[in-house]
Structures are given as structure tokens and as C-alpha cells.
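Note that these values count all heavy atoms, side chains included, but never hydrogens, waters or copies made by symmetry. As the structure is a prediction and not an experimental result, all values here were calculated from the model.
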Number of protein chains: 2
Amino acid sequence: MTTPSRRNITIRDVARYAGVSTATVSRVLNGTSPVKDDLVARVEQAVTTLGYRPNAAARTLKTRKANAIGILVPDISNPYFMQIIKGIEDVMAQDYSLLMASSDESSKKEKRLLNVLSEDRIDCLVLATAGGNDEVIRAIDEKRNPVVLIDRLPDSLANRMDSVVEDNFWSAYELVHSLIRLGIQSLGIIHGPMSASTAFQRASGCMSAVRQHAPKLRVREHLGDYTAESGERAVDDFLQGESPDAIIAMNNLMAVGAISRLMKRGFVIGKDITLGSYGAIENYLLIDGSLRYVEQEPRTLGKLAGKLVQRRLRDPDAEVVSHVVKQQIVSLHR
Amino acid sequence: MTTPSRRNITIRDVARYAGVSTATVSRVLNGTSPVKDDLVARVEQAVTTLGYRPNAAARTLKTRKANAIGILVPDISNPYFMQIIKGIEDVMAQDYSLLMASSDESSKKEKRLLNVLSEDRIDCLVLATAGGNDEVIRAIDEKRNPVVLIDRLPDSLANRMDSVVEDNFWSAYELVHSLIRLGIQSLGIIHGPMSASTAFQRASGCMSAVRQHAPKLRVREHLGDYTAESGERAVDDFLQGESPDAIIAMNNLMAVGAISRLMKRGFVIGKDITLGSYGAIENYLLIDGSLRYVEQEPRTLGKLAGKLVQRRLRDPDAEVVSHVVKQQIVSLHR
DNA sequence: CTAGCAGAAGTAATCGTTTACAATACCAGG
DNA sequence: CCTGGTATTGTAAACGATTACTTCTGCTAG
């Protein structure tokens with residue numbers, strides 16, 4: 001019905017109803033200092049009968065604690081980030097609300113969201129940056145509230161704030177290396193957008209493995225943007241010429257796009273062509289064919305980030321921590 | 001670094017720096033009333049050099065507008081709800097922050113989150129309820145801020161607040177009907193948890209179709225909980241006895257579980273057994289085999305919800321709107 | 001018997017905005 | 001040159017909590 005009855009019940013109403021002062025009500029509610037049992041009872045009574053709920057804005061204004069943490073990721077519909085968020089939730093959600101936003105891999109949108117989030121509505125920001133906002137981010141971390149970087153770590157921010165990232169270089173290196181050991185002669189690599197630090201590091205890892213272990217490997221590269229569509233386009237691109245022995249996609253979504261395109265074109269994955277992916281693919285167990293991928297464990301990563309947040313909130317001056325988590329290379333067969 | 005320099009820049013600092021009153025600064029910032037050009041310039045100058053950001057809590061306290069909307073769903077990692085959120089974002093995100101939370105299909109957790117969200121931190125709540133909190137929800141809608149129900153619509157809340165739901169009964173009916181027309185003799189149905197209104201309505205639809213079109217159909221039912229694991233258990237359950245001609249799962253995740261289990265057991269979907277699902281399955285195009293499902297279009301649903309939110313915010317006393325969107329039955333073959 | 005103190009409750013200032021209201025300046029008409 | 005209006009700007013009171021500080025008990029120890 002959404003009826004009026006505007007003007008909410010305030011702590012004053014409760015105080016009046018219980019015949020005590022607002023200070024006492026506040027103390028009962030927060031347990032900040034002892035209150036006689038009978039008064040406690042009267043206050044609690046009043047709270048429930050009036051249906052009082054404290055006003056978060058007022059409390060935040062006064063205490064400078066928002067009891068919320070912000071999470072800003074490039075693509076909230078990507079299961080990878082979703083799992084990270086779940087991980088953070090695992091650790092934080094009892095005491096904090098999570099304010100989430102998605103930049104859609106756009107620096108501009110990210111900037112807008114960063115500005116909104118830094119209007120004192122959160123206590124800490126967990127951020128996987130789309131890139132291009134290093135200055136703003138640094139300013140937020142220094143002036144507003146601590147930032148914990150996840151997944152993406154631009155050089156200019158490294159060691160200036162807490163972070164949890166993967167060993168992208170190493171994992172990509174190992175992934176390519178493992179394909180090389182299979183004896184492939186040609187390889188197609190689908191890169192992510194170079195504005196993302198992960199894409200850049202993974203690309204370096206790939207190239208390094210090639211240089212070191214198979215300098216004569218015929219490599220073709222396609223610059224994607226971490227979306228499934230760009231994975232499809234990459235495959236179309238590669239299949240223009242002689243089809244490569246193997247294709248690797250530098251994130252899960254592009255791998256999905258690639259697989260779907262390959263299957264549509266009649267390839268049997270793991271037989272006609274070898275496929276590698278940085279990151280697991282949801283429901284991949286449903287597919288016939290084999291896949292080699294870097295196992296990312298985003299939920300663990302999220303938990304780590306959550307712990308860093310807690311630590312940082314507890315002690316704002318603790319020294320900066322940078323976690324670099326190592327991944328496994330996994331082979332899946334059916 | 002997270003250095004101190006605590007005490008943020010306030011509107012007072014800006015006013016002082018620009019040599020005007022706080023009222024003028026506020027007016028420049030919000031464009032609420034005309035200000036002479038030179039003052040505007042000086043204020044803007046001050047804002048940028050000082051790096052001023054308004055304090056959202058103070059503004060919310062004063063204006064009673066949080067510029068945020070809350071979204072509470074039973075499972076934020078389910079792509080279905082994720083797409084709904086995307087849809088809401090499409091419509092709302094320019095002007096509002098989205099505060100999201102997941103109840104994990106638990107009434108208790110939902111209640112806690114409802115309480116937190118209703119502490120005046122949002123202007124409107126979009127809710128897919130896990131069930132069991134009808135009273136609390138009604139109170140929030142009446143006393144705190146408007147609620148728009150999505151996906152789930154408990155009877156006791158129908159017509160009391162805005163809603164966007166699917167025609168669950170009809171869709172489930174049609175899905176079963178379409179299988180019956182294939183000439184199946186036996187059917188396994190994997191239900192969702194009856195605390196969810198959708199599960200109940202879908203179950204009714206299924207049963208009604210059976211009664212009406214194939215009263216002699218051998219039906220077996222399994223009570224799941226909308227998770228993939230429960231889909232797997234259901235298949236195990238069904239395969240204890242004589243395996244049914246067809247199995248349908250009443251949501252996407254349970255269908256994923258069922259498919260995965262069936263494939264593991266060597267069934268070729270669409271050949272050895274017919275599969276139906278309420279809701280599409282991400283990346284299903286990757287699978288060999290055919291599937292018949294109810295196409296849900298969650299993103300559209302989210303957009304509709306977003307529009308209702310906007311309308312409700314514009315006019316709190318507008319009459320209650322209930323959208324019931326119809327679905328298509330889709331057949332997918334490979 | 002009273003000073004002193006601890007415990008419990010109340011008073012009122014404060015957080016950073018917005019905005020009703022007051023004040024001021026400027027200008028035209030008489 | 002004064003009056004009344006309009007256009008800007010300023011002053012200060014809210015919004016609803018928390019909390020430093022004050023006040024008021026009642027009790028104990030000297």
C-alpha cells in the first residue's frame with residue numbers, strides 16, 4: 001500500500017515512551033555503558049512496541065562508520081567476480097553491508113562509481129580496477145577510506161595499498177608451457193584488454209614461455225576484451241588461415257566464446273584442437289572434450305581480501321600487505 | 001599508504017575558501033536556486049582545488065533520500081538473479097547506487113538483511129523473498145520505503161505492493177504439456193523448496209497439466225532446494241527405480257545438477273532421456289543433446305522492476321502495479 | 001557524620017548537509 | 001528621492017544519532 005505515516009520513529013520517541021533519556025536508549029542499544037536492568041527492560045519494550053529502527057545516516061554522520069564496504073568490479077555477471085564477492089561475503093557479511101557496483105570494464109564508468117562510493121558511505125573499498133583511474137584510487141585510499149585491490153594491480157599502485165592478486169605471469173607461463181609439452185606446432189592466443197593489468201601480465205607470461213621453450217612455435221594473437229563475444233571473434237579470426245593446433249583464451253568468458261564457436265564449426269575440443277583457458281568454465285563438466293586451464297579459486301581470493309579489509313579496519317596504519325596467490329594448472333577430460 | 005589527514009573537507013571549508021556562505025555552495029552544487037556567475041566560478045574552483053566530496057550521510061539525514069536502492073535476492077550467484085540485477089542496473093544505475101545482498105534462500109538471514117536495509121539507507125527495496133518474512137516486508141513497505149517484489153510473490157503480499165513475476169503456473173503447465181505431447185510414459189519432476197512461491201506455483205502447473213492431459217502418466221517427484229546439488233540427488237533418486245522417460249527441473253541450477261549427473265551416468269540427453277528445465281542454462285549451447293525449457297528473460301524482468309521503482313519514487317501514492325510476464329517454451333537441439 | 005567516590009542517568013553539543021527565513025542590494029516607477 | 005519589489009546571499013535551525021560532560025544517587029571509609 002505504501003501508505004504515509006511519514007516521519008519515522010526516532011530515538012527520542014523511544015526515550016519518551018520508556019521515560020528515559022536518549023542517551024540511555026543509545027547505551028542500551030549499543031551496550032556502550034551499563035544501564036540498570038529495569039531501564040533496559042523498559043527501553044527494549046519501547047523499541048519493540050514502537051518498531052524502532054535506528055537511522056543509519058545519522059549514526060554514520062556522527063560516528064564516521066558506515067558499516068558497509070564497497071565492492072567495485074569490472075563485470076559483476078562474470079562468475080569469477082561473483083565468486084570473489086561470495087568470498088568477501090563469507091568473511092564480512094555478518095557485520096557489514098556490501099555495496100556492489102560494476103564498471104563494465106570502462107574507466108569512465110569506474111571513475112563515476114568511485115566518486116559516488118567515496119562519499120563517505122563505505123568504510124573500505126574492495127576494487128578490481130578496469131584501469132586508468134590510478135590517481136583517483138590513490139586519492140581515495142589516502143583521503144577517504146582504505147582500498148584493497150583485487151585481481152588487478154596497476155604498477156603505479158603496487159605497494160601503496162593492500163592487494164590480493166594472482167600470479168598471472170607464472171600461471172600463463174605454465175599454461176603455455178604445458179601445451180608446448182604436448183608438442184603443438186602452432187598456437188592462437190586470445191588476449192584480454194591491455195588496460196587490465198592481468199591481461200598484460202598474462203600476455204608476458206605466454207610470450208616468455210614461447211621464447212624459452214618453443215621459439216619456433218607459430219603464434220597468432222588476437223586482442224579481445226574479456227567478453228565471450230570477443231572469444232568468438234578470435235576463433236573466426238584464427239580459422240581464417242590454417243587452424244592452429246591449440247588455442248588459449250586468457251579468461252573464462254573468452255574461452256566460453258571460443259569453445260562455443262569451435263563446436264559450432266564442428267571441432268571436437270581436445271581432439272581436433274587443443275584448448276586452454278585462464279580460469280575454469282562453469283558447467284564445463286557438461287561438455288564432451290578436454291580442457292586445460294588455470295584454476296583460479298576466486299572464492300578463496302575473496303576471503304583473503306575480506307580478511308585484509310578486516311585487518312585494515314582494525315588497524316588503519318598496519319603495514320601494506322600484498323598477497324600473490326599461485327594457481328594450479330588443471331586438465332579435464334571426458 | 002592509508003595516511004591520516006583525517007577530518008574530511010566539508011562544505012564549510014569550501015565556503016570559506018570561496019568566500020561565500022555554505023548555503024551558496026550548496027546551491028551551486030545542487031542547482032537549487034540561481035547564483036551569480038562569478039560566485040559559481042569561485043565555488044567550483046574551490047571544490048576542485050580542495051577535492052571536496054559531499055558527505056552522503058549528512059545529505060541523507062537531512063533530505064531523507066539515500067540515492068540508493070536495495071536489492072535482496074535468494075542467491076546472488078545464480079545467473080538468473082544476476083541478470084535481473086543487470087536489468088535493474090540498466091535502468092537505475094545512473095542516479096542510484098545499488099546495495100545488494102543475498103539471503104541464501106534462508107528466511108532467517110533474509111530477516112536480518114531486511115532489518116539492516118531498512119535503516120534508512122535505501123530509497124526503495126527490490127526483493128525476491130525466500131519466504132517467511134511477509135510481516136516484516138509489509139511493515140517495511142508501509143513504514144520505511146516502498147518495496148518492489150520480483151520473481152517471488154507470497155499470497156499474503158499480493159496486491160499490496162508493486163511486483164514483477166512470471167506466470168509460473170502457466171509456464172510449468174506448458175512445459176509439462178509439451179513433454180506429454182512427445183508421448184512420454186513416465187516423468188520425474190524436481191521441485192524447488194515450497195517456501196518459495198515460484199516453486200509452489202510451478203508444481204501446481206505441472207500437476208494440473210498431468211491431470212488434464214495425461215492422467216495415467218507415471219509421475220515421480222523429488223523435493224529439491226533450487227541448488228545444483230539437489231538436482232544431482234534427484235537424479236540419483238529417480239534412477240533407483242526404473243528410469244523415467246523424462247525429467248524436468250523446476251529451476252536452472254537443479255537442471256544443471258541433473259544434466260551433469262545424467263551425463264556422468266552415461267545418458268545422452270534428448271536421446272536416452274528427455275530433459276526439461278524451468279529456465280535456460282548458461283552455456284547450454286556447449287552441450288550435445290537437446291533441451292526443452294522455459295525461457296525466462298530475467299534481464300527484461302529486471303528492467304521492468306527498475307521502471308516500477310522509478311515510478312514509485314516519483315509518486316509514492318501511485319496505485320499498486322503487478323506485472324505478470326509470460327514465457328516461451330524453447331527447444332534446443334544439437 | 002560527612003567527605004569522597006563510583007555508578008547510573010541526563011543534558012546538550014556535535015557530525016555535515018539542506019533550506020526556511022532574514023537580510024541586503026539593486027532597480028523602476030511615482 | 002523614496003517605496004516596493006525582485007534577485008541574490010547569508011544566518012541559523014533542523015535532520016537523528018552518539019558521547020563528553022554534568023548531575024544525582026547512594027555508600028563506604030575515616
Is there a donor in the side chain of A:Asp134 and an acceptor in the side chain of A:Ser156, or the other way round, less than 3.5 Å apart?
yes
Residues touching DNA chain D, which here means a heavy atom under 4.0 Å, drawn from residues 47-60 of chain A
A:Tyr52, A:Arg53, A:Pro54, A:Asn55, A:Ala58, A:Arg59
Please state how far atom CG in A:Leu61 lies from atom P in C:dT17, giving the value in whole angstrom units.
9 Å
What does A:Thr22 touch in the nucleic acid at a heavy-atom separation under 4.0 angstrom: a base, only the sugar-phosphate, or nothing?
base
Check this one for me: any side-chain N or O of B:Thr10 less than 4.0 Å away from OP1 or OP2 of C:dG16?
no
Residues B:Ser77 and B:Asp75: side-chain donor-acceptor under 3.5 angstrom
yes
CZ of A:Arg64 versus C1' of C:dG16: gap in Å, rounded?
9 Å
Between C:dT18 (P) and B:Arg12 (CZ): distance, integer Å
12 Å
Double-helix bend of the helix from C:dC1-D:dG30 to C:dG30-D:dC1, axes at both ends from 5 pairs, round to 10°, gives 60°
If we ignore hydrogens and angles and just use 3.5 Å, is the side chain of A:Arg144 paired with the main-chain N or O of B:Arg53 as donor and acceptor?
yes
Rounding to an integer number of Å, can you tell me how far A:Lys36 NZ sits from C:dG10 C1'?
14 Å
Between P of D:dT9 and CZ of B:Arg16, the distance in whole Å
20 Å
Rounding to a whole Å, what distance do you find between A:Leu39:CG and C:dG10:C1'?
11 Å
Of B:Val20 and B:Lys62, whose nearest nucleotide on DNA chain D comes first from the 5' end?
B:Val20
Please state how far atom CG in B:Asn30 lies from atom P in C:dT17, giving the value in whole angstrom units.
11 Å
Is any side-chain heavy atom of A:Lys303 closer than 4.5 Å to one of A:Thr300?
no
Of B:Arg27 and B:Thr63, the one whose closest nucleotide on DNA chain D sits nearer the 5' end is B:Arg27
Whole-Å distance, A:Arg42 CZ to C:dA9 P, equals 9 Å
